[in-house]
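What you see is a predicted model, and the numbers here were worked out from it, not measured in a lab. Numbers restart at 1 for each chain; the letters A, B, ... are given by sequence-line order, proteins then strands.
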Protein chains: 2
Amino acid sequence: MSVLTDLKIKERSDRKDLIIDAAERVFSTRPFNRVSMREIAGEAGIAPSSIYTYFPNQEALFVEATIRDSNLLIEEIAGIVERTRAGRPVLDRVIDSFIEFISKHDSYFRMMVVFMTIGSLSPESLKRLNEVVRRGFRVFEAAFKKMGYRGNSRILAYHIFAMLNGILVTYRKLPGRNDEKIIAHMKRVAKVFRELLQSKIRKDRQ
Amino acid sequence: MSVLTDLKIKERSDRKDLIIDAAERVFSTRPFNRVSMREIAGEAGIAPSSIYTYFPNQEALFVEATIRDSNLLIEEIAGIVERTRAGRPVLDRVIDSFIEFISKHDSYFRMMVVFMTIGSLSPESLKRLNEVVRRGFRVFEAAFKKMGYRGNSRILAYHIFAMLNGILVTYRKLPGRNDEKIIAHMKRVAKVFRELLQSKIRKDRQ
DNA sequence: TGTACATCAGTGAACGCGCGTTCACTGATGTAC
DNA sequence: TGTACATCAGTGAACGCGCGTTCACTGATGTAC
């Protein structure tokens, strides 16, 4: 019985993933005010009403998608921080990976911005999203420690997270440039922070 | 005849302002997916159709509102940079003023984010908004020069603008804190950048 | 092995709603003689 | 000063549309005997 139940749960989660995949494809091809349950259902090849078998409403679907992608991103960054040996340029790698991930997962980023800007989420959703963000902070802190920063790395984590978000919001849609150029530009702008921080760390060591 | 024409133009611009004022009041009290032409008209005390006497469509109204506020903000920052004597902490003042302005003009910020995220503006609107952003960069550059920074102040301007945007997007709606605390938090996080930059300027001077 | 029944993912049609925008019109104001 | 006409800001009703969500149902699959 337990085996069967497990199978059921697995199946259910597979189907949820399928719907989330479709939602992301829609999110990354339409302006977000055009993303509708009908559109998502069409992309997934099911009836709009079927979505409600797996998600209680639209917000829950978007939140679940965001959390799924956040976990991917956090794992990727955590892996980089872990694998980088002391003395190697961990922050550059973290910055590059963050910017590349979000450029590749446009849908994820747009959902994030919607949540941050709308500010009318259910308490349950808010709680889940906040938990993810806090885990993200911890990974950034680990990176600063690895760089040899001895000051308050919590506020640095607040700073870099917001700074990277800002660069993505601000330059994601530079008119008249292709994606590659835009990504290069974003990385260059983000590394201003890394250079300043490194210069400070060296100075403090003296 | 010219005098009368001038009066007409003045009147027209006054009425546009009136509608923009109403739009901003609506924008700052409703989540932005609830901001409608009907709602704005109601707030302005006119019929929805009357808005179309002054603005060709919704996008044009939002763009005009954004540009009006941007000019206010840029003038404020430019004034601060101009009035601050050399050696005084110009960047702290600029940061504080930026964060306070945008916290006070929530509607402005939300429109900005919508534009940056949607990416489906008409070329005309895009051009006008870009022109404003470029003027903003120039003001930031002036501030860095005033601080005695001798390096590439253009990329610093790109950086600080995006960083401030990011801080506002990310922390504007921290759950469980009042506005005052949130503003203080944002200023603290933004000043990480100022501290690092100042440390670098001092080091370069040695 | 065959039959009756239970479960439940998935459906299609519909509900009620609010949206941006258009358009024929009204009525106040200004102009010409 | 009085009358006919032109202008045009502002209106109310309507257009067509797409939205999130609900619900009575179907039909495939699994279970019990």
Practice problem: Please determine if A:R68 and A:E24 form a salt bridge, counting it only when a charged side-chain N lies under 4.0 Å from a carboxylate O. | Solution: yes
Practice problem: Return the value, rounded to whole Å, for the distance between atom CD of A:Q58 and atom C1' of D:dG20. | Solution: 7 Å
Quiz item: Do NZ/NE/NH1/NH2 and the carboxylate oxygens of B:K191 and B:D96 come within less than 4.0 Å?
Solution: yes
Quiz item: C:dG10 P sits how many Å from A:M37 CE, rounded?
Solution: 15 Å
Quiz item: B:M37 and B:N57: which non-hydrogen atoms are nearest, and at how many Å?
Solution: CE-C, 4.3 Å
Quiz prompt | Residues B:D21 and B:R25 bridged, charged N to O under 4.0 Å | solution = no
Quiz prompt | Aromatic ring proximity, centroids under 6.0 angstrom, B:F193 and A:F193 | solution = no
Quiz item: Want to know the stems of DNA chain C: at least 3 consecutive Watson-Crick or G-U pairs with distances under 3.5 Å, which are they?
Solution: C:2-33 with D:2-33
Quiz prompt | Between C:dT21 (C1') and B:L61 (CG): distance, integer Å | solution = 14 Å
Quiz item: Rounded to the Å, how far apart are A:N57 CG and D:dT21 C1'?
Solution: 10 Å
Exercise. For B:E59 and C:dC19, give me the distance from atom CD to atom P, rounded to whole Å.
Key: 19 Å
Quiz prompt | Ring centroid separation A:F62 to A:F115 under 6.0 Å | solution = no
Quiz item: Parallel, tilted or perpendicular for B:F140 and B:F161, by the 30°/60° rule?
Solution: tilted
Quiz item: Distance check: side-chain N/O of B:Y54 vs OP1/OP2 of D:dG10, anything under 4.0 Å?
Solution: yes
Just the table, please: protein N/O against nucleotides 11-14 of chain C N/O, every pair under 3.5 Å.
residue, atom, partner, partner atom, Å
C:dT11, OP2, A:A47, N, 2.9
C:dT11, OP2, A:S50, OG, 2.4
C:dG12, N7, A:S49, OG, 3.4
C:dG12, O6, A:S49, OG, 2.6

Practice problem: Report the distance from atom CZ of B:F55 to atom P of C:dG20, rounded to the nearest whole Å. | Solution: 15 Å
Exercise. Anything under 30° is parallel, anything over 60° is perpendicular, the rest tilted; go ahead and classify A:F144 against A:Y149.
Key: perpendicular
Exercise. May I ask you to decide whether B:R15 forms a salt bridge with B:E11, counting only side-chain N to carboxylate O separations under 4.0 Å?
Key: yes
Practice problem: Quickly work out the A:R12 CZ to C:dG10 P distance and round it to whole Å. | Solution: 9 Å
Quiz prompt | Atom-to-atom span, CZ of A:R30 to P of D:dC19 - whole angstrom | solution = 10 Å
Self-check item: N/O (side chain, A:R15) to phosphate O (OP1/OP2, C:dG10) under 4.0 Å
Solution: yes
